[in-house]
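Ligands are counted one by one from 1 in listed order, and the atoms in each one are counted from 1 as well. Below, each value reflects all heavy atoms present in this structure, side chains not excepted, and no hydrogens, waters or symmetry copies. Just so you know, residue 1 is the first one in the sequence shown, and it goes up from there.
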Amino acid sequence: MNRREILDLLFRMPWPELRAAAQQQRRAAVGRHVFVRGLLEFSNLCRRNCRYCGLRRANRPLRRYCLSRSAILAAARQAAAAGVDTLVLQSGEWERPPHWLAAIIRQVKAELGLAVTLSVGEMPRDHYACWREAGADRFLLRHETADATLYARLHPGHHLTERLRALEWLAELGYEVGSGFLVGVPGQRPTSLADDILLVRRLGVAMCGVGPFIPQAATPLALAPHGDVPMTLRVLAVLRLVLPTAHLPATTALASLSPDDGQRQGLLAGANVLMPSFTPAACRAAYRIYDNKAQVSLAAARRAITSAGLRHRLPAVLPSGDSAHV
Ligand code: 5AD
Ligand code: SF4
């Protein structure tokens, strides 16, 4: 599929047709199973100043936290008991001695047997190597936008080339690599979404996270309009067609703009991954990358999967209605 054809799918094909094509492709390529990952936002410290994100360094009043090793392990145990297949360890970007995180990865793998995905930003290659050695399986690092000029404007002091180099290192080190991008971030030409899709295809990513931009009050983009939900769903559907076997999450940002059925709509558009949060309640408000962020619980994930007519491998809910974590 070339750029012209991707643009046709994105902007011209009637939605019912596009969605049906994506659903057919999903059935053929990945079936009806939905993977459930446990998301643990273990620190909101960040050295970067991305113009769209509430965790940016310049947001001084934000209370910053970093969970202790024992708090991370406690949350990981909860996620494992709830039946997730993977622990996603996410944080803002800050450089620390890599051994701290390596020890946590080792313990999660040894004690709980979960797959571990890291999402901790751009780091030196030897940090990535150390974590891989410790047993980390996958790494999420969104390219955010394939438009190099816009990338530089949104990320003061940084360039898309550095991001792509980091993604290359991760692949060389044997990580399963995930990228992704924002839909409707201010300054984005709609046609550049086709370049985002072509870029993730060229990178050959195993995962791709796509969500609408949502403004955050403490950022320079506070007053900008949010990204479009229908457009985000169209991008997901086209990604399913272009990367048939990729893991595509229905993102929290999608759920935040459509609290009633964003996740279900994402699944119906071709997504096959949900990432409910296991971040301790006391920290959630401080992980405010954008405003009105939904709390995607395991119970909500389960409902979205069932109501989309799809399957999961979560343990049955106890008769009392209590599952390990709701
Ligand atoms: N709206 C939507 N998504 C955002 N992210 C950061 N800030 C925002 C925002 N305001 C996304 C980025 C990042 C991921 C962790 O969260 O794409 O990679
Ligand atoms: Fe930091 Fe990531 Fe937010 Fe950028 S998007 S400010 S790197 S947490």
Exercise for review: Over all heavy atoms of both residues, which pair between P220 and R51 is shortest? Give the atoms and the distance, please.
Suggested key: CD-O, 3.3 Å
Review point. Is the H143-F181 ring centre distance short of 6.0 angstrom?
Key: yes
Review point. Should the pair H155 and Y151 be assigned to parallel (<30°), tilted (30 to 60°) or perpendicular (>60°) ring geometry?
Key: tilted
Review point. In the protein, which heavy atom is nearest to atom 11 (C) of ligand 1, and how far is it?
Key: R142 NH1, 3.7 Å
**Study point:** Among W94, Y287, Y65, side-chain hydrogen bond (donor to acceptor under 3.5 Å, both in side chains) partner for S43
**Key:** W94
Exercise for review: Find the distance between CG (L241) and CE (M1) and round it off to the nearest 0.5 Å.
Suggested key: 5.5 Å
Revision key, fill the gap. Looking only at protein heavy atoms, what sits closest to atom 13 (C) of ligand 1 is E144 OE2, 3.4 Å
Check your understanding: Which atoms of the protein, restricted to N, O or S, are nearer than 2.8 Å to atom 4 (Fe) of ligand 2?
Key -> C50 SG
Check your understanding: Got the closest protein heavy atom to atom 4 (C) of ligand 1, with its distance?
Key -> L182 CD2, 3.8 Å
Review point. What atoms of ligand 1 come within less than 4.0 Å of a heavy atom belonging to I289?
Key: 7 (N), 10 (N), 16 (O)
Review point. Under a 4.0 Å heavy-atom limit, does C50 contact ligand 1 with its side chain, its backbone, both, or neither?
Key: neither
Check your understanding: Any ion pair linking K109 and D137 (charged N to carboxylate O, less than 4.0 Å)?
Key -> yes
Review point. Would a line drawn from the ring center of Y128 to the ring center of F139 be shorter than 6.0 Å?
Key: yes
Exercise for review: Find all atoms of ligand 1 within a distance of less than 4.0 Å from any non-hydrogen atom belonging to Y52, and give their numbers and elements.
Suggested key: 6 (C), 7 (N), 8 (C), 9 (C), 10 (N)
Exercise for review: Could you tell me whether Y290 and ligand 1 have an N or O pair separated by under 3.5 Å?
Suggested key: no
**Study point:** Exercise: identify the closest heavy-atom pair between L55 and C46
**Key:** O-CB, 3.5 Å
Review point. Of the options R19, Q23, Q25, which is the one that meets R240 in a side-chain contact (heavy atoms from CB on, under 4.5 Å)?
Key: Q25
